[in-house]
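All chains are named by letter (A, B, ...) in the order of the sequence lines, taking the proteins before the strands, and each is independently numbered beginning at 1. From a predicted model like this one, the values you see are computed outputs, not experimental measurements.
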Amino acid sequence: MTNAMQTEFLKLRRAIIAEQFKTLNKKQQEAALATEGPLLLLAGAGSGKTTVLINRIANLMLFGSASDTEDVPGGLTDSDIAFLRLYLDNITDPTLREAGEAKAHALCTMHPVRPWEILAITFTNKAADELKHRLEKRLGDEARDIWAMTFHSACVRILRRYIDRLGYDNGFTIYDSADSQSLVKRILTDLDLDDKTYPPRRILGEISRAKDALLEPEAYQAAAEKEGDHRRRKTAEIYVEYAKRLRAAGAVDFDDLLFLTVKLLQTDEDVCRHYQRQFRYVLIDEYQDTNNLQYLFATILSEGHGNICVVGDDDQSIYKFRGATIQNILDFEHQHPGARTIRLEQNYRSTGHILEAANAVIKNNQGRKGKHLWTDQGQGDKLTHYVARNGEDEANYVAQCILTHFGAGGSWSDHAVLYRMSALSNQLEFAFKRNGIPYKVVGGMRFFDYAEIKDVLAYLAVLENPADDLRLLRIINTPARGIGQATVERLREAALRSGRTIYDTIQHPDEVPDLGRTAAKLKTFAALLRDLREKVQDMPLDAFYDHLLDATGYLAMLKEKPDENLARIEHIQELKSTIAGYIDRSEEKTLKGFLDEIALYSDLDSLEAAEAGVVIMTMHSAKGLEFDHVYIVGLEEGIFPGYRSIGDTEEMEEERRLCYVALTRAKQKLHLTSAAQRMLFGRTTANMPSRFLEEIPQDYIEKTGQTRPSYRDTRADIVFDDEAPWATQSEPTKSTAPRYRPTPPRAQSTLPTYQKGDTITHKAFGKGTITALTPMGGDALVEIAFEGVGTKRLMLKAAAQHMEKSER
DNA sequence: ATCATAACGCTTTTT
DNA sequence: GCGTTATGAT
């Protein structure tokens, strides 16, 4: 083949491939087509990161390495090139395009990638699900074999197959953090240690960090013995015992999934080579949130072919507290010489002012790669800053803004309220309830945290793995079977002495001394478990579940107090639909498969998403989401940034990144609020407005409502100097400290008077009749029956802003 | 065993 | 200020 032919072929191939990705912008396209070698993709907020990932994978599947190489397939003929030229010239003609596409693509492909050769890792199940869905939509059924999953799922998949090479049983059980915590608590009592000096959460943090540093319990203990203080040596003791008991129960915890996988890859050449060969392309999402183990996992697996693509945003690294090292993304280019870096800085989400505010804030950080978000969609509205008197005033302000917007035709779910600490959610909830605003709090209690769910799952876990002492002890007397604490102690002692599991021990209770009459009860319980283990083999899982609830008496126990346990019974039922869903979805339909799935899938909120309402959540939970209108509340020194981070540069930079995340959630309108004083943890404090407010150029901010504390408060309150200096001054000085002043007379309100029977029109709810009016401390609670909407109870002062009297 | 009272403590969270 | 948890009394 001549040089000229080659050049022309390459040109045509580039054009034909690019045609598939023409909806992407230049940088996005570059990212999708740079398939070979290490690649760092710095994807700013709202820059279309997931779209790029999808297209990148599509490119791999369609064209293999062709988009990123000058290599030319052998046996190329003149007529092939002529064909490609013709195809490209007529690509706008749908019929010709369709007729020629298969052949054209075949000519342009170089080693197309098979789906299972792609490893695409995310952090959360939600992200993994979204990725899978969009891949299937784009690529069809083939996409199902792509390893698009979370770190932990990928590890489970590898370990289920090969963990025996580390001397573990392949049927291992997975402990969630609650299990880990109870195990540590149990160890603390057994070792006679006080859980105040050794808080289980902190201990688990230490253990987690040890594993992250690839330290086995023994190695950790050796180090602690050599240089550690008393506390550290005890911690090491706990770690040793913790690992021992996990091992005995045939269980691994969340960290072990990664720890053991990395260990397996490092020690077993066979396995390592197998996966290194398999994964031609490795992609890691949210790379700024990875820890050391995850870094090793990704690095080792990509070493076979050297194609590792990490996607992330160093400015959105907000999970240091759970072990993430921003250093992974900062050092990527250093660790991978020859790595290419592509920045996605065009933002498709927010208006100009919002982006500039975010840029201005994050600019104050030192440890960052540097990025500047931009948009071609205009400046948009300015941000607003409202200084509230207190938390209640702040919450009411937010509620009023939302009502106003809703009245103007907006929808509830366009709004999100973000805060630093969930302690701030209460007053918002009250304000929303008062004003009849539907809302949903994200986070908090999760489905699998309910005691009843854990109980039932403990039964299932024990049936699958009888060695699981922890779970067995959870259910041994739930429902009550007359097996009290004393009996349990004797059992544990006997088990420890004989080196057997509790399950084995209760099979022969006569061998346990001092049991007396309870031996019979144990026998009954043991027989029950034996029977259930048999039945679970030959019954469909959902039918077995019903049988389990019945045979154990668990449901009957709840139904003894139906009113009190209403919610619990509902949860138990809901778990059944989870099982049914699993049976529908999955191929293997085994108990083990189900337990695996839920061990790693601990929130069901994707199931109950739909509901429309204002979303209230922490800034952390808001990561990755977007809303037209975003309210960030509690922008005060001590709250955000939190008092623990003040004075610590690294912590402060993390807070600032969190602020950046929060600001960039907004598409249209960004409302910032701070309160001059606030009640928190039972104490009222006066906080300065957050430094982050000062880091935003003041031209981008509009002060709304009161820009100084109100004089209307009934009590003597904190009053500041005239010019609201706390919001504009760059250096807080003593002169801005609050001082006390007597309260000026109350401002006269000019509300129209309402009474029972009046008909009114409300901006949000339409026409209604006042059915009740109860005066309450200067305000009044009105009950209004709205046409079609139902009856709402509103505070008159707040509601009056949004309604007027109408004639009959 | 079940209930009452006191005491504590409290960023952020996924797997 | 509130919710959880530990301890003790009946």
Side-chain angles (χ1 to χ4, degrees), chain A residues 121-128 149-156 174-182 185 189 194-196 199-202 204-205 208 211 252-259 261 285-286 289-291 293-294 297 317-324 391 418-427 429-430 442-446 448-449 451 477-487 561 596-603 605 617-624 634 638-646 648 651 654-655 657-659 661-662 678-685:
Chain A
I121 294 293
T122 62
F123 261 84
T124 64
N125 291 303
K126 205 175 144 203
M149 53 183 90
T150 63
F151 277 107
H152 292 83
S153 322
C155 289
V156 169
I174 302 168
Y175 273 10
D176 67 17
S177 4
D179 297 323
S180 300
Q181 196 153 337
S182 359
K185 276 189 191 153
T189 26
D194 172 27
D195 64 354
K196 299 227 163 35
R201 278 186 50 193
R202 264 239 292 285
L204 279 166
S208 185
K211 286 180 184 167
V252 303
D253 69 10
F254 281 139
D255 292 321
D256 284 338
L257 291 174
L258 272 149
F259 179 65
T261 305
D285 194 13
E286 304 284 10
D289 290 333
T290 49
N291 63 25
L293 288 175
Q294 289 158 339
F297 176 83
S317 165
I318 55 173
Y319 284 114
K320 185 182 166 197
F321 69 91
R322 67 178 199 212
L418 312 182
Y419 39 74
R420 179 66 238 263
M421 306 179 273
S422 28
L424 297 188
S425 74
N426 253 334
Q427 288 189 306
E429 290 192 58
F430 284 131
V442 175
M445 192 73 169
R446 269 176 295 157
F448 290 95
D449 291 339
N477 201 31
T478 316
R481 313 189 159 84
I483 303 171
Q485 224 180 336
T487 310
K561 293 171 186 167
D596 257 9
E597 186 166 297
I598 57 167
L600 299 177
Y601 213 118
S602 70
D603 71 283
D605 52 13
M617 63 189 150
T618 64
M619 299 174 189
H620 281 92
S621 336
K623 187 163 162 213
I639 293 178
F640 187 44
Y643 68 96
R644 283 164 216 261
S645 30
I646 292 173
D648 179 325
E651 289 289 322
E654 176 116 339
E655 294 284 290
R657 289 192 290 268
L658 185 56
C659 182
V661 168
R678 170 185 309 277
M679 170 118 93
L680 200 60
F681 302 135
R683 232 198 300 279
T684 301
T685 49

Whole-Å gap separating P (B/dT15) and CG (A/L257)
13 Å

Pick the P atom in C/dT5 and in B/dT12, then give their distance to the nearest Å.
16 Å

Could you check which of B/dT15, B/dT12, B/dG9 has an atom nearest any side-chain atom of A/K196?
B/dG9

By nearest-nucleotide position on DNA chain B, the 5'-leaning member of A/E654 and A/N477 is A/N477

State the CD-CD distance between A/Q294 and A/E286, to the nearest 0.5 angstrom.
11.5 Å

Would you indicate what A/Y319 reaches in the nucleic acid, counting non-hydrogen atoms under 4.0 angstrom: base, sugar-phosphate, or nothing?
sugar-phosphate

Rounded to whole angstrom units, what separation is found between the CZ atom of A/R657 and the P atom of B/dT12?
18 Å

Nearest to the side chain of A/M679, heavy atoms from C-beta on, is which of C/dG1, B/dT11, B/dT12?
C/dG1

For A/N291 and B/dT13, give me the distance from atom CG to atom C1', rounded to whole Å.
14 Å

Describe the nucleic acid contact of A/R201 in one word from base, sugar-phosphate, nothing, applying a heavy-atom distance below 4.0 Å.
base

At less than 4.0 Å, is any side-chain N or O atom of A/R644 found next to OP1 or OP2 of B/dT12? Yes or no.
no

Nearest whole angstrom, please: distance from the C1' of B/dT12 to the CG of A/D289.
12 Å

Indicate, with a heavy-atom threshold strictly under 4.0 Å, whether A/Q294 touches base, sugar-phosphate, or nothing.
nothing

If we ignore hydrogens and angles and just use 3.5 Å, is the side chain of A/E655 paired with the main-chain N or O of A/G642 as donor and acceptor?
yes

A/S422 vs B/dT11: side-chain N/O to OP1/OP2 distance below 4.0 Å:
no

Kindly compute the distance separating OG1 (A/T261) from NE2 (A/H152), expressed to the nearest 0.5 Å.
9.0 Å

Length of the NE2-C1' vector between A/H620 and B/dT15, whole Å:
16 Å

Is there a side-chain contact between A/N125 and the phosphate of B/dT14, meaning an N or O under 4.0 Å from OP1 or OP2?
no

Any base atoms under 4.0 Å from A/F123, or only sugar-phosphate, or nothing? Heavy atoms, all strands.
sugar-phosphate

Decide yes or no on side-chain hydrogen bond (donor to acceptor under 3.5 Å, both in side chains) for A/S153 and A/T150, but give the supporting numbers first.
CA-CA 5 Å; A/S153 322; A/T150 63; 2.6 Å; yes

Between B/dG9 (P) and A/L680 (CG): distance, integer Å:
17 Å

Between A/S621 and B/dT13, is there a side-chain N or O to OP1/OP2 distance below 4.0 Å?
yes

What form does the base of B/dT12 take, syn (within 90° of 0) or anti?
anti

Between A/T618 and A/S621, a side-chain donor and acceptor under 3.5 Å:
yes

How many whole angstroms separate atom CG of A/D195 from atom P of C/dT4?
18 Å

Ring of A/F151 versus six-membered ring of B/dT15: centres under 5.5 Å and planes under 30°?
no

Could you go through the salt bridge (charged side-chain N to carboxylate O under 4.0 Å, His left out) check for A/K623 and A/D289 one step at a time?
CA-CA 12 Å; A/K623 187 163 162 213; A/D289 290 333; 2.5 Å; yes

Find which nucleotide of DNA chain B each of A/S645 and A/F254 is nearest to by heavy atoms, and output the residue with the more 5' nucleotide.
A/S645

Looking only at N and O atoms, is any donor in the side chain of A/S177 or the base of B/dT15 less than 3.5 Å from an acceptor on the other one?
yes

Atom-pair distance (CG on A/D194; C1' on C/dT7), nearest Å
15 Å

Look at the side chain of A/T150 and decide which nucleotide, out of B/dC3, B/dT15, B/dT13, has an atom nearest to it.
B/dT15

